[in-house]
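Heads up: the structure comes next, in structure tokens.
Each ligand, and each atom within it, is numbered from 1 in the order the structure gives.
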Amino acid sequence: MNTSDSFVGDFREAAPYINYLRGKTLVIGIAGSLLSGAALRTLAADLNLLASLGVRLVVVHGSRSQISALEETDGHTPQYHNGRRITDEATLVHAKQACGMLRADIEAALSMGIAQAPQRGKSLNIAGGNFVSARPLGVIDGIDMGYTGRIRKIDTEAIRQRLNDGALVLISPLGHSLSGKTFNLSMGDIAEAAAIALQAEKLIYVVEQEGILDAEGSVVSNLSAKEARAMLDENRVQANQRRLLQSAINAVANRVQRTQILSGRQDGSLIRELFTRHGAGTSVAESAFMNIRQAQGTDIPDIITLIRPLEDQGVLLHRSREYLENHIGEFSILEHDRQIYGCVALKVFETGSRGELACLVVSPEAQDGGYGEYLLEHLLDSARARGIRTLFALSTHTGEWFIERGFQTASVEDLPPERQQEYHESGRKSKVFVYPL
Ligand code: COA
Ligand code: ARG
């Protein structure tokens, strides 16, 4: 594939996501350790790019590593309980200093504009303010957590107003109480609470790791909330990622569409996560990402888009819209991230326990990813559930694919009589395959 072909393919893949994200609110929590040097510059450029596409951005920055560095310089040993920092008077001063410095650095980086694209016109406005009110975490297991706080309320109205004005809202991990005290909060708590309170489309965590890692240390690309809970319950997630994954689950359980976790160390991972089908890190959603379901009348235009080019090439038999309307109950479709990428039909013959797999298609841009096989497995399960003992498939171009998956060659005479007649009338001379169930 040459460069221009891959550009066209990539652009076509990204376009639906670009349209989808316009006007949507994303809450992005960024770990403090990523907020300097090259990582900050590239993240800031990508945030600018998102803002220029009309995405409403709420960015919550972390400050853990900066506070620890200030503590160290002052000879103060950081104290933790249950993974939360204990904030005494001195630590609170460090927390305020860290947030002040970070805010200045982030604002400066965001003022640089989009990477490799000289920005014309107005630069991105950044809004800050007292959006988060807090209260003390209190005494936990006999330990006074000091000025470590918990969130009391997120001022969604004020945030929405700033977003409506076209600003990026930047929130520091500090909150204020009604009595005028400042509390040290965690980036994750604020990002999660803000995403839920704003009913954001996505909660995104930009962290050091590439995503949620499984026991072998590989990134898990997609998780339903159920799978994510099982990972936590069965201790299949690294200790330092438990809170992150729990937060992802909380957000999607509270109607945030998706939580995505990705690395801020890899240039462009935010863009790859948002604008490609497979993303870059881990995506957590309430329900499964890839899904095969019974087709409905409203799917017919998508099915036609899938099958027409193959009909024109003679790979598939022509099926009119009227035919599809009358036989839609036979079709199953494969959805990935709400888009349709494949279909298959199961025809049941009148002569009882025999059926035919028909119209198996995976769209060209999604082929070779195992979807064909998923559709086949789904169809075999449905056929078994319907009591079918012999499953036929007729094909002019795809015989090898069926043979490699357990089908055997058969002859026209093996087909039920009504199908034999159709076979001869079509004149397509397809090869016949059979799968004993
Ligand atoms: N003959 C033999 N092998 C084929 C093939 C064909 N016509 N088309 C694809 N394959 C192979 C690929 O090379 C790949 O092999 P690899 O794993 O060794 O690299 C493998 O099948 C891919 O399998 P999978 O990812 O499960 O399938 P898919 O999602 O790419 O979908 C088809 C497979 C056949 C459904 C898809 O190629 C398609 O839509 N083809 C056009 C329509 C068609 O022929 N339908 C069948 C008529 S009913
Ligand atoms: N780009 C899509 C989105 O933003 C899909 C991302 C899939 N990500 C993943 N890690 N599997 O929702």
Taking only heavy atoms of [X], which atoms of ligand 1 are found under 4.0 Å from at least one of them?
X	result
G369	25 (O)
Q367	30 (O), 36 (C), 37 (O), 38 (C), 39 (O), 40 (N)
V361	39 (O)

Looking only at distances, please establish whether an N/O atom of ligand 2 is found under 3.5 Å from an N/O atom of [X].
X	answer
L274	yes
Y17	no
R272	no

Out of all atoms in ligand 2, which are within 4.0 Å of some heavy atom of [X]? Include the element for each.
X	value
N222	9 (C), 11 (N)
G281	9 (C), 10 (N)
E273	1 (N), 2 (C), 3 (C), 4 (O), 5 (C), 6 (C), 7 (C), 8 (N), 9 (C), 10 (N)
S283	8 (N), 9 (C), 10 (N), 11 (N)
Q260	3 (C), 4 (O), 6 (C), 12 (O)
S221	9 (C), 10 (N), 11 (N)

Exercise for review: Step by step, work out the salt bridge (charged side-chain N to carboxylate O under 4.0 Å, His left out) result for R272 and D10.
Suggested key: CA-CA 10 Å; R272 208 144 19 95; D10 293 348; over 6 Å; no
Should the proximity of [X] to ligand 1, defined as any heavy atom under 4.0 Å, be assigned to the side chain, the backbone, both, or neither?
X	answer
R405	side chain
L375	neither
H397	backbone
V315	side chain

Discussion item. Under a 3.5 Å distance rule, please check whether T42 uses its side chain to pair with a backbone N or O of A38 as donor and acceptor.
Written reply: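 Yes, T42 side chain to A38 backbone: donor-acceptor pair under 3.5 Å.
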Can the ring centres of F407 and F433 be said to be less than 6.0 Å apart? no
Based purely on interatomic distance, does L357 place a nitrogen or oxygen under 3.5 Å from a nitrogen or oxygen of ligand 1?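 For ligand 1, there is no N or O atom that lies under 3.5 Å from one belonging to L357.
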**Asked** Does the N or O separation between E400 and ligand 1 drop below 3.5 Å for any pair?
**Response**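 No - when backbone and side-chain N and O of E400 are compared with those of ligand 1, no distance drops under 3.5 Å.
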Would you mind checking which non-hydrogen protein atom is closest to [atom], with the distance to 0.1 Å?
atom	value
atom 29 (O) of ligand 1	G372 N, 2.7 Å
atom 22 (C) of ligand 1	D368 OD1, 3.4 Å
atom 6 (C) of ligand 1	T398 CG2, 3.9 Å
atom 45 (N) of ligand 1	L360 O, 2.7 Å
atom 9 (C) of ligand 1	W401 CD1, 3.9 Å
atom 47 (C) of ligand 1	L316 CD2, 3.9 Å
atom 25 (O) of ligand 1	G370 N, 2.7 Å
atom 41 (C) of ligand 1	L310 CD2, 3.7 Å

Q. For atom CZ of R428, is the number of surrounding heavy atoms from other residues, nucleotides or ligands below 6.0 Å larger than 12?
A.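 Count over threshold, so yes.
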Check: So with a 6.0 Å cut-off around CZ of R293, is the heavy-atom count from everything else above 12?
Finding: yes
Nearest heavy-atom approach of I204 to L270 is CG2-CD1, 4.1 Å
Exercise. Nearest heavy atom to atom 31 (O) of ligand 1 wins, so pick from L376, L394, V362.
Key: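 It is V362 that holds the nearest heavy atom.
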- Message: Does the structure place the NZ or CZ of K24 under 6.0 Å from the centre of the six-membered ring of Y20, at an angle of no more than 45° from the ring's axis?
- Response: yes
Only residue of V27, L274, T259, I28 satisfying side-chain contact (heavy atoms from CB on, under 4.5 Å) with K202 is L274
Any non-hydrogen protein atom below 4.0 Å of atom 15 (O) of ligand 1? no
Looking at E373 and R405, is any side-chain nitrogen of the basic one under 4.0 Å from a carboxylate oxygen of the acidic one?
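A salt bridge links R405 with E373.
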